[in-house]
Protein chains: 2
Amino acid sequence: MNVSSKPERTRLSAEDWELAALNLIAEQGVGALAVEALARQLGVTKGSFYWHFRTREALLQAALERWEQYGEREVLGQIEQIADPRKRLPELFRRVAHELQPHRVYAALLKALDHPQVVPVMARVSQRRMEFLDTAYREAGLPAAQALNRARLTYAAYVGFLQLNFTLGLPRINHEEFDAYVEHMIATLIPA
Amino acid sequence: MNVSSKPERTRLSAEDWELAALNLIAEQGVGALAVEALARQLGVTKGSFYWHFRTREALLQAALERWEQYGEREVLGQIEQIADPRKRLPELFRRVAHELQPHRVYAALLKALDHPQVVPVMARVSQRRMEFLDTAYREAGLPAAQALNRARLTYAAYVGFLQLNFTLGLPRINHEEFDAYVEHMIATLIPA
DNA sequence: GGCGATCCATACTCAACCGTATGGTTAACC
DNA sequence: GGTTAACCATACGGTTGAGTATGGATCGCC
């Protein structure tokens with residue numbers, strides 16, 4: 001049973017709207033975030049929405065901030081607990097590669113970078129992650145000047161892969177090929 | 001003199017509309033491609049537009065095809081004339097890095113990957129470019145299995161860089177830093 | 001069990017755009 | 001210089017989706 005099949009709804013909170021918004025963004029992109037569509041999906045009407053939020057923008061803003069804070073705790077938090085700096089990067093690569101679900105919102109927001117509201121959020125998130133990669137590379141033994149550029153390169157490769165694979169469906173790649181690709185990335189980008 | 005300042009217009013052709021559309025896409029994205037807005041910018045009204053094109057989609061389609069064919073001749077054509085396979089890839093990297101203007105439409109289309117019309121175009125273009133990289137890496141001495149993955153990695157880095165730099169304005173980087181980044185890419189991705 | 005706060009439905013307005021209908025204007029060519 | 005085809009303006013209809021107004025329903029709580 002999917003999300004929309006909950007006829008036994010009680011009353012909604014602002015949080016419910018934000019989570020539903022994030023779901024819709026992940027599946028259909030920011031452009032599909034319409035209040036009437038969301039209301040239908042939640043089994044209510046606009047009247048409900050405009051009680052919780054002043055405007056559509058306000059909902060998008062709240063949803064983005066929620067997503068940003070969640071990602072802060074969840075995504076980066078886990079990785080930081082890998083002690084050995086040399087194992088941290090390969091492990092990070094492999095985990096990211098096999099937990100594609102959390103990246104769906106990020107990929108959707110990547111397609112929505114023409115919306116002025118998402119730009120600052122994505123800028124902050126991406127900046128933080130690149131800094132994370134930077135220190136990881138330094139701790140793995142790369143000189144400072146190289147570490148930053150390697151971090152940029154790595155993160156660009158991540159972003160580009162999301163675009164090409166998720167959104168564009170390219171390259172058409174199967175499981176084994178994908179694993180080989182990940183290992184190739186590790187061999188190419190991480191210093192021995 | 002920018003594009004919009006041509007009050008002494010005579011009559012327009014379909015090509016004029018397509019070029020104007022590509023301009024608008026490059027600057028404001030596919031979502032901003034509205035026929036009335038375009039007409040205003042060209043100093044005419046919708047009446048003109050619907051003589052040249054049956055629908056808005058038809059214009060977008062024509063503009064995309066024009067862009068695709070142009071890129072075929074221009075972008076890839078020049079690089080193929082570099083004889084030495086070992087010099088070809090570094091040269092390609094450096095040229096791409098310093099001719100950012102032609103990449104603006106590509107970056108804009110990257111943001112518009114939720115439009116069903118642009119997906120096949122981008123898929124074809126990206127596929128062709130990755131194949132180009134693949135053979136370039138093989139000719140540079142990389143074994144076939146590695147060459148394809150390296151091509152994927154390289155192109156993903158390119159796409160991601162466009163997104164992070166053009167659209168997101170990240171990383172905040174100056175000219176010298178940028179050159180250093182390009183050289184770092186060359187050193188990391190191209191086999192010695 | 002009634003009362004105030006919270007939550008929602010219905011019924012609008014308004015603006016943006018796409019597309020159509022139709023008549024007018026300019027260019028080209030004989 | 002008159003006719004035809006190419007090009008454009010004006011006015012309209014239709015749709016979509018945001019936001020407002022207002023009254024009704026429901027919950028918490030004394």
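Chain identifiers are assigned alphabetically (A, B, ...) following the order of the sequence lines, protein sequences preceding nucleic acid strands; residue numbering begins at 1 within each chain. No hydrogens, no waters, no symmetry mates; every other heavy atom, side chains included, goes into these values.
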- Please report how far the helix from dG19(C)-dC12(D) to dC30(C)-dG1(D) bends, comparing the axis fitted to its first five pairs with the axis fitted to its last five, to the nearest 10 degrees.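 About 20°, once rounded to a multiple of 10°.
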Using atom [atom1] of [X] as one end and atom [atom2] of [N] as the other, report the distance to the nearest whole Å.
{"X": "Arg56(B)", "N": "dA16(C)", "atom1": "CZ", "atom2": "C1'", "answer": "13 Å"}
{"X": "Arg40(A)", "N": "dA18(D)", "atom1": "CZ", "atom2": "P", "answer": "10 Å"}
{"X": "Leu38(A)", "N": "dG19(D)", "atom1": "CG", "atom2": "P", "answer": "13 Å"}
{"X": "Glu57(B)", "N": "dC17(C)", "atom1": "CD", "atom2": "P", "answer": "17 Å"}
{"X": "Arg54(B)", "N": "dC18(C)", "atom1": "CZ", "atom2": "P", "answer": "15 Å"}

Would you give me the side-chain donor-acceptor pairs under 3.5 Å for residues 181-192 of chain B, sequence neighbours excluded?
residue	atom	partner	partner atom	Å
Glu183(B)	OE1	Arg94(B)	NH2	3.1
Glu183(B)	OE2	Arg94(B)	NE	2.9
His184(B)	NE2	Arg150(A)	NE	2.9
His184(B)	NE2	Thr188(B)	OG1	3.3
Thr188(B)	OG1	Arg150(A)	NH2	3.4
Thr188(B)	OG1	His184(B)	O	2.7

- Query: Using the ring of each side chain (for Trp, its six-membered ring), is His103(B) parallel, tilted or perpendicular to Tyr158(B), with breaks at 30° and 60°?
  - Reply: perpendicular
- Sole residue of Leu148(B), Thr154(B), Asn149(B) in side chain to side chain contact (heavy atoms under 4.5 Å, CB included) with Tyr137(B):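 The option that passes is Thr154(B).
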- Task: Check the pair Asn23(A), Leu19(A) against side chain to side chain contact (heavy atoms under 4.5 Å, CB included), reporting the backbone distance first and the verdict last.
- Result: CA-CA 6 Å; Asn23(A) 254 326; Leu19(A) 293 177; 5.8 Å; no
- Query: Looking at Tyr106(A), does the NZ or CZ of Arg129(A) lie under 6.0 angstrom from its six-membered ring centre and within 45 degrees of the ring axis?
  - Reply: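 Judged by the rule (NZ or CZ under 6.0 Å from the ring centre, within 45° of its axis), Arg129(A) counts as positioned above Tyr106(A).
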- Item | Residues Glu131(A), Gln127(A); criterion side-chain hydrogen bond (donor to acceptor under 3.5 Å, both in side chains); working and verdict | CA-CA 6 Å; Glu131(A) 285 168 3; Gln127(A) 182 70 47; 3.3 Å; yes
- Task: Nearest 0.5 Å please: distance from the CG atom of Leu59(A) over to the CH2 atom of Trp17(A).
- Result: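 Result: 8.0 Å between the selected atoms.
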- Message: Let's go through Asp179(A) and His98(A) carefully: what are the C-alpha distance in whole Å and the side-chain angles of both, what is the deciding distance for side-chain hydrogen bond (donor to acceptor under 3.5 Å, both in side chains) to 0.1 Å, and is it a yes or a no?
- Response: CA-CA 9 Å; Asp179(A) 287 340; His98(A) 289 90; 3.1 Å; yes
- Along nucleotides 7-15 of chain D, 5' to 3', which nucleotides get a B, which get an S, and which get a -, given that the test is a protein heavy-atom distance under 4.0 Å? BBBB-----
